[in-house]
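Below you'll find the structure, written out as structure tokens, and then a few comments.
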Amino acid sequence: MKSKIKIFFMILMGVVILFFGAIFSESGAKGILVNAEETQKDVLFIGNSMTYYNTLCNVVQGIARRKGHNIKCSAATNGGKDLIYNAKADNVVTAIKKGGYEVVVLQDIVGSFDSDRLMEGAGDIISVIKKYNPNAQIIFYEPWPIQSTLTGKYSMLPYFTDGYVQAAKKFQAQLAPVGESFYDIYVNHGLNYYCKDGKHPQPLGTFTAAATIYYTLYNETFESFTETDQTYLNQLINNNVAFTTEGKKNTYSLNILNLIMERSHYYADIVREVMTDKTGSLKYTSVAGEYVDPDVGMNPDNLVAVTGTETDKMFFQKSKGNLAVGCKAYASNEFQPAKNVVDGNEKTRWETEYFNPQWIYVDLGVETEIRTVGFMWEGAYASKYYIQVSDDAKQWKTVAYVTARSKKTVRVTLDKAYKTRFVRMYGTRRGTNYGYSLYEIGIWKDGTSFVVPKIKVQKTKIKSAIKKKKSTKAKIKLKKIKGASGYQIKIGITKKLRKSRKISFKKNTFTVKKLRGKKQYYLKVRVYKVSDGVRHYSKWSGIKRIKIKKQ
């Protein structure tokens with residue numbers, strides 16, 4: 001009888017252990033109390049490195065479970081990519097198609113953030129999300145700017161926040177204002193959670209993001225964690241450190257953890273009030289200051305955005321009709337002087353501080369009829385700008401609205417000829433984290449053809465091509481062509497030159513380096529001449545195998 005009672009109690013104890021094991025999980029922690037009656041909330045995170053650093057989705061899940069919520073988080077990310085890219089990325093689309101998500105969290109790019117592209121990408125990806133998850137709640141996760149643009153008079157945070165607020169309102173979504181929490185902790189509490197790269201988060205930076213997203217997911221009163229939670233939270237943070245070991249500790253102060261949770265709750269709460277305001281009267285102003293949209297009033301005639309026509313640099317010379325060369329130029333800001341855009345020298349440039357808006361204008365001296373305006377951008381290009389004309393440099397008329405996604409030398413043909421003395425570029429969006437940087441401005445009258453004249457260039461041939469058996473170099477000699485500016489070869493390990501590389505040389509005898517010792521190589525060559533800054537090429541020679549000499 002006693003043995004039967006003993007067996008009964010052993011079975012009962014096993015049931016109890018299994019029951020509480022389902023409720024209390026996460027090894028090494030005191031246990032996570034999950035509400036068994038609460039339906040599991042499946043959350044998908046879509047973003048880039050600001051999402052996958054320190055496995056943000058796991059940290060959000062861990063906080064929520066510790067607070068008693070039944071939640072499962074997963075992520076689909078692509079480093080360095082924005083929402084426009086992720087809307088078509090295979091891994092993201094596959095994750096979305098899996099379906100069953102109650103919440104999808106969206107995060108856009110940081111380094112080259114542009115509110116217009118955020119809006120475009122959000123529209124693209126939300127249409128895919130809603131197709132497979134029609135009832136999913138959308139939450140925008142607003143990250144922080146890079147460290148050099150977080151604080152100061154020209155902080156980028158107000159621009160980030162305004163862009164995310166507008167996107168959340170447009171798509172009837174919620175906003176997790178992580179950038180606001182991060183800024184408050186950085187500035188008002190002196191806690192720097194940037195990695196050494198000045199962009200990505202240390203573990204407590206990720207914890208800040210997770211706390212803000214948590215309080216956006218769950219509208220509840222703030223309650224401090226207690227000492228019984230501290231071991232669990234430390235394990236949660238440290239076990240999810242990924243892609244960085246900066247700032248990793250064994251123990252994080254309970255006071256710091258609660259400060260992060262409280263500040264995150266504060267910003268999530270006040271932003272939620274703005275998002276749910278049906279009257280439209282509430283407006284949120286960033287903790288870093290108010291954002292003033294530089295595009296307001298710039299396009300009263302609702303001009304359609306153009307990208308301009310890519311143009312050869314030769315046309316910016318005075319001999320090609322560029323009226324700007326030799327004129328005076330004035331700018332809003334000068335790291336490097338405005339006069340550099342009108343000196344006819346493509347090696348000098350105008351450069352500004354790292355903020356919007358910025359402008360530069362050319363004084364033609366007298367009223368002149370113009371039809372085409374062009375810009376030779378350095379790497380720090382404008383992604384959005386307006387071309388304006390004026391008679392007095394005070395009252396400006398916008399005659400073109402230009403957008404770009406990469407640095408190019410472009411010209412814009414206006415809708416008609418304008419008689420004007422002053423021509424201005426007014427930039428409202430930077431294409432990089434730097435300022436605006438222009439080598440030259442071009443202004444032309446109607447009638448400039450912009451046709452690059454073709455020059456016939458004589459072919460050459462390979463006189464010798466020799467490589468020692470184990471050498472990583474090959475000596476090449478070509479037939480010399482009179483008046484040639486240089487020679488170009490195409491070299492590879494297959495006869496059809498697939499996966500080949502192109503190399504240019506000034507002389508007809510040269511040495512090709514960085515070859516694999518025992519490999520056989522093939523090549524063909526051509527000649528080029530430079531005229532007005534443009535390379536004109538001959539036809540390619542026939543393909544020749546490089547002769548291998550024994551060592």
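- Counting only N and O atoms by type, the side chains of R349 and S437 include a donor and acceptor under 3.5 Å apart.
- Side-chain contact check for Q40 and H69: no donor-acceptor pair (N or O, by modelled atom type) lies under 3.5 Å.
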Please report the C-alpha distance between K72 and D42 in whole Å, then the side-chain angles of each, then the deciding distance to 0.1 Å, and finally whether the salt bridge (Lys or Arg N to Asp or Glu O under 4.0 Å) criterion is met.
-> CA-CA 5 Å; K72 182 180 179 182; D42 288 313; 5.5 Å; no
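- Using a 4.5 Å heavy-atom threshold, the side chains of T413 and T309 count as separate.
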Before giving the answer on side chain to side chain contact (heavy atoms under 4.5 Å, CB included), spell out for Y266 and F222 the whole-Å C-alpha distance, their side-chain angles and the decisive distance to 0.1 Å.
-> CA-CA 9 Å; Y266 173 79; F222 170 72; over 6 Å; no
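- Counting only N and O atoms by type, the side chains of Q358 and N356 include no donor and acceptor under 3.5 Å apart.
- For the residue pair E102/N135, the side-chain donor-acceptor check at 3.5 Å is not satisfied.
- Proximity of V271 to E180: side-chain heavy atoms (C-beta onward) are nowhere separated by under 4.5 Å.
- When side chains are defined from C-beta on, T285 does not count as touching Y291, because their heavy atoms never get closer than 4.5 Å.
- Within the structure, the ring pair (Phe, Tyr, Trp, His ring centres under 6.0 Å) test picks out the following pairs touching residues 92-123 (sequence neighbours left out): F113-Y159, F113-F160, F113-Y164.
- A side-chain N or O of N240 and one of N58 form a donor-acceptor pair less than 3.5 Å apart.
- Relative to the six-membered ring of Y232, R66 meets both conditions, a distance below 6.0 Å and an angle of at most 45° to the axis.
- Ring-plane geometry between Y194 and F182 is classed as perpendicular, the angle between the planes exceeding 60 degrees on a 0 to 90 degree scale with a lower cut at 30.
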Begin with the C-alpha distance, continue with both residues' side-chain angles, and end with the deciding distance and a verdict on side chain to side chain contact (heavy atoms under 4.5 Å, CB included) for N433 and M156.
-> CA-CA 10 Å; N433 286 320; M156 285 290 289; 5.9 Å; no
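- At least one side-chain heavy atom of T244 sits less than 4.5 Å from a side-chain heavy atom of C195.
- When all heavy atoms of D277 and G280 are compared, the closest pair comes out as OD2-N, 3.0 Å.
- The aromatic rings of H200 and Y53 lie parallel to each other, with less than 30° between the two planes, well short of the 60° mark.
- Counting heavy-atom neighbours within 6.0 Å of K408 NZ, excluding the residue itself, gives a total of 12 or less.
- A donor-acceptor contact under 3.5 angstrom links the side chains of T398 and Q388, judged on distance only.
- Judged purely by distance below 3.5 Å, without hydrogens or angles, the side chains of N54 and T206 pair a donor atom with an acceptor atom.
- Under the 6.0 Å distance and 45° angle rule, R424 does not count as a cation-pi partner of Y426.
- Using a 30° and 60° split on the angle between ring planes, F355 and Y154 fall in the parallel class, below 30°.
- Y381 contributes a side-chain N or O that, together with a main-chain N or O of R405, makes up a donor-acceptor pair within less than 3.5 Å.
- Contact annotation: the side chain of N70 never approaches that of T39 to less than 4.5 Å [non-hydrogen atoms, C-beta and beyond].
- The heavy-atom pair separating V128 from A87 by the smallest distance is CG2-O, 4.2 Å.
- Side chains of R429 and S115: a donor-acceptor N/O pair is present below 3.5 angstrom, by distance only.
- For N133 (side chain) and G100 (main-chain N/O), a donor-acceptor pair under 3.5 Å exists by modelled atom type.
- Looking only at atom types and distance, the side chain of S181 has no donor-acceptor partner in the side chain of T208 under 3.5 Å away.
- Contact record, L118 with G163: CD2-O, 3.6 Å, taken as the closest heavy-atom pair.
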Run the side chain to side chain contact (heavy atoms under 4.5 Å, CB included) check on I46 and I96 step by step: do they pass?
-> CA-CA 9 Å; I46 297 173; I96 292 171; 3.9 Å; yes
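- Figure legend: cation-pi geometry between R430 and Y354 absent, as NZ or CZ is not positioned both under 6.0 Å from the six-membered ring centre and within 45° of its axis.
- For the residue pair E273 / Y284, no side-chain donor-acceptor distance below 3.5 Å is found, with atom types taken as modelled.
- Under a 3.5 Å cut-off, the side chain of S332 and the backbone N or O of W359 do form a donor-acceptor pair.
- Y436 and W377 have tilted rings, their planes meeting at an angle from 30° to 60° on a 0 to 90° scale.
- Under the 4.5 Å side-chain criterion, counting only non-hydrogen atoms from C-beta, L106 is in contact with I125.
- Contact of the Y252 side chain with the Q230 side chain is not registered, since no non-hydrogen atoms from C-beta on lie closer than 4.5 Å.
- Side chain of N48 to main chain of K81: a donor-acceptor pair is present (N/O by atom type, distance under 3.5 Å, no hydrogens or angles).
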Output, in order, the C-alpha distance, side-chain angles, deciding distance and verdict of side chain to side chain contact (heavy atoms under 4.5 Å, CB included) for Y522 and T494.
-> CA-CA 7 Å; Y522 298 83; T494 65; 5.7 Å; no
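- Shortest non-hydrogen contact noted between I503 and R501 is CD1-NH1, 3.6 Å.
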Take Y52 and F243, measure what ring pair (Phe, Tyr, Trp, His ring centres under 6.0 Å) needs, and give me the verdict at the end.
-> CA-CA 8 Å; Y52 68 63; F243 302 98; 4.7 Å; yes
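- With a 6.0 Å radius and a threshold of 12 heavy atoms from other residues, nucleotides or ligands, K169 has its NZ atom above the threshold.
- For the pair V93 and K88, the tightest heavy-atom approach, listed with the atom from each and the gap, is CG2-C, 4.0 Å.
- Side-chain contact between L191 and L259: present, with at least one pair of heavy atoms (C-beta onward) separated by less than 4.5 Å.
- Nearest heavy atoms, N192 versus Q202: O-NE2, 4.0 Å.
- Ring centers of Y141 and F45: at least 6.0 Å apart, outside the cut-off.
- Side-chain atoms of T409 and E310 include no donor-acceptor pair closer than 3.5 Å.
- In this structure, N188 places its CG atom where more than 12 heavy-atom neighbours from other residues, nucleotides or ligands lie under 6.0 Å away.
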